[in-house]
Structure formats: C-alpha cells, structure tokens
Amino acid sequence: MKYVGLMDCNNFFVSCERLFRPDLQNKPTLVLSSNDGCVVARSQEIKDMGIPMGVPYFKVKDIIKDSKTAVFSSNFSLYRDLSARVYDSLSEQVPTVEQYSIDESFFYLNADSNTDVEREALSIKNKIERQTGIPVSIGVASNKTLAKLASKFAKKDKGVFVLDTEKLQKLALEVPLYDIWGIGINLNKSLQSNNIANVADYLALDVAVVRKLYGVVGERLWLELSGKLINKVCRKKTIKQSITHSRSFNKAIFTKSVIEDALSYHTRMAAEDLRSVNLVATGVKIFIMPSRHGDYVLQGLSANIIFDTPTDDTFAMLDNINKVLNGIYKASVPYKKAGITLFGLIDKSSLQNKLFNNTVDKNILLNTLDNLNKKFGKDFIKIGDRQKSKMWQTKADKLSPAYTTRWSDIPIVSA
Ligand SMILES: [Mg+2]
C-alpha cells in the first residue's frame, strides 16, 4: 500500500539553537524575527507558558526575564544549513521527497500494513535525529492533507502517528476545519456561514454539493479528507526555493538613496513574481556588492531578514529592507551591484488562514497593482518611497554563532 508521510522538524529554529547549546535542553528557549521584533519560534516550555506565536518581544520581555528564558535572534544561515541536512537524511531513506518548507517535507512510503508503516516511519525519524540532531515528527496517512493532520497528532504522541480511516472517523468531530491544511480564509468563512465547523460536518456533505458550493478546491479537499490520494508528492524542486532579483550598476554608486532605489525596484519585481506563483516568503536576503576590482572587494555585505510572518506583501518587505540597509551600507565604498533574494518560500494557501485575517484588503490592493503593471508595463506603479530619514541599525543582539557555516564559529568540544 502507498502511504504519504509528512516529516516536520519540532520547534525547528529552537532545535537548531539547542543543537549547539545542549545546556538549553528542557529550558525555555525562543527565537526572534529580524530586528528582534517578534517571537517566531518557541520551545515547548514557552508554548506551555502561553506565549503566542508572533507576539511582539517587548510585550513578553518581563515574563521571559522571570522565567530565565534563552532568547536568540534568528540565525538563518544556521537554519538553512541544518534544514538541508535533515532533507538529505530523509532523501537517503526514501525515494521521493518533496520539500515543502524549511522544516517540512512530504514523501511516499510503501508498506503492507499500518503496523509496518508505523515501524518504518519510526525508523526514519530515529535515523534523521541520529544523523542531524534535530528532533522531528512524522505524520502518515493516505494523502498530504491527512498526513499534515497526522503530524499534529504525532507531536502529542510518540513522534509518529498513522492516521487511517478508522482513527479519522473517531477524531473527525473534534478536528475543526481551520486546522486543516489548505483551508483558506474565504473557504473557512463560507463553511462557517453554513454551520460546517469540523471534519465530520464536511464529510457528511454530498460531494456533488461540495463541488457546487466550494468549487474544485473544496471538492479536492473533500476527496482527500475521505482518504483519496489527489495531491501527488512531487520531487523537491517543484516549489521554488528562492526568488532572486539583482542587477549591476553601469557605474560605481556611492549614494545610499540610489542603492535604496535599486533595492526597492528589485523587491517590487521579486514580490510580484512571488505573488504570481501564490507563494509567500519566510525572509529576504539583501546584498550590496562593490566592484570586483580594487580594494573594496571584501566589503560586499548581505543581511538576512526573517519576517514576523511569511509574506508576499511588498510594503512589509520594503519596510524591513530599508531598515537593514543602514546596517550594511558604507559611504566610502563604490558599489557595483545590489539585489535581493526571497527565501523560505511556502504555499500561500496553506498558511494558517488566521494570519491573513487583516491582510485581505491589502491582497486586493496588491493584486490590482500586479494587474496594472502587467497591463501598462513592468513597474508602472511603484510601491515604496525612499525613507532616507529612518536612520537606525538592525538589531540582532542575540545572534548565535554561525556554527556550521563559518570556520571561526565551529564549536570546540575540547581544547
Ligand atoms: Mg515545524
């Protein structure tokens, strides 16, 4: 029998930090977004304290102090590197892996029974943990939608959970539809207005009715919830890993406002690309490079920004980028090239719909802009003015070392 697995790294950013700080095992630990603005990853202890995802850091500073919580700025090169190791370990063990986000991958499993597939998943989990040091959970079911749901149960169980039709029938009344992967805000609203709140309610509908009310998306979802394999697992690169926009200047540039202009341009272009494929970015890397000749070759700099929530919003990106540029720009350097890379791309529709509750209007605005630009030519309407007066440095006070990507930061076990 063919099964679909979803491997999900537990509290991924926190686990990456703990890997090199074993003293933090079982101690409250959290990771902040760029500029140390919001909480973007929480250890179980933090979750148990009731600190929500995405809360601004200043709001919880006192609780954090009292509980002696370890706090980290996001260290994206570390997370990316460990993410690749986890992916490699999984790929060595199963033939088809689809990396879905920085800490999640879908894959196929073949087994004769639920007991066998559970044993297999457990062995995969153990091997990944042994090889990488990152704790993972694996949800197994007959398709992606159910595997995603199974992975939630896996976290509360022994790290592996096989969700078959029998178990689903028992759980269907307890699982609210907003917990289901792929239910976007519009579908959720429409379901609620028809008093369809949980999986059991939804499955009780006739599939023809579902198609009529909720279209193809609703029908595919219904079919997957009832156990059919609709959404295939595709090998890795089906989801773009990143989108880069950059260009060399035709002469050396010293002026910051010009570089800001270039970066805003590249951001607008990249964000438009991102929206056209219905993805959102976890973060953005900006880079400014000096001429390859001369004494400035080593002064090219880049900075990573992790967004408070994954986004495709040009406004939010520009706001972050302008803040960070101040931290890496040097007035004495002749710059030859500038650009940005949006990374950590994930499917927009699969983001928790709650995140988009107050961005619906902005989505309409951005879509309108994209359409106008398509109609009247690239970059016809520009978003984002230069913000020359905003002179403040990026904060990453609590950044951990680049343990795995910089020689000087490699941890010393004994010396
Ligand atoms: Mg995770």
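Values reported hereafter were calculated over all heavy atoms of this structure, with side chains retained and with hydrogens, waters and symmetry mates removed. Every number for a ligand or one of its atoms is a count from 1 in the order of the listing.
- Neighbours of the Mg ion (ligand 1) restricted to protein N, O or S atoms under 2.8 Å: the count is 3.
- The CD1 atom of I183 sits 12.0 Å away from atom CH2 of W181, with the distance rounded to the nearest 0.5 Å.
- T29 meets the side chain to side chain contact (heavy atoms under 4.5 Å, CB included) test with V14, R18, L24, S43, A70, F72; sequence neighbours excluded.
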Mind listing the side-chain donor-acceptor pairs of residues 106-113 below 3.5 Å, one per line with the distance, residues two or more places apart or on another chain?
residue	atom	partner	partner atom	Å
Y108	OH	V233	N	3.0
S113	OG	T115	N	3.4
S113	OG	D116	N	3.1

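- Salt-bridge formation is detected for the pair D8/K155: a Lys NZ or Arg NE/NH1/NH2 atom is positioned less than 4.0 Å from an Asp or Glu carboxylate oxygen.
- Partners of E92 under the salt bridge (charged side-chain N to carboxylate O under 4.0 Å, His left out) rule, at least two apart in sequence or in another chain, do not exist in this structure.
- In this model, no donor atom of one side chain and acceptor atom of the other lie less than 3.5 Å apart for N114 and E118.
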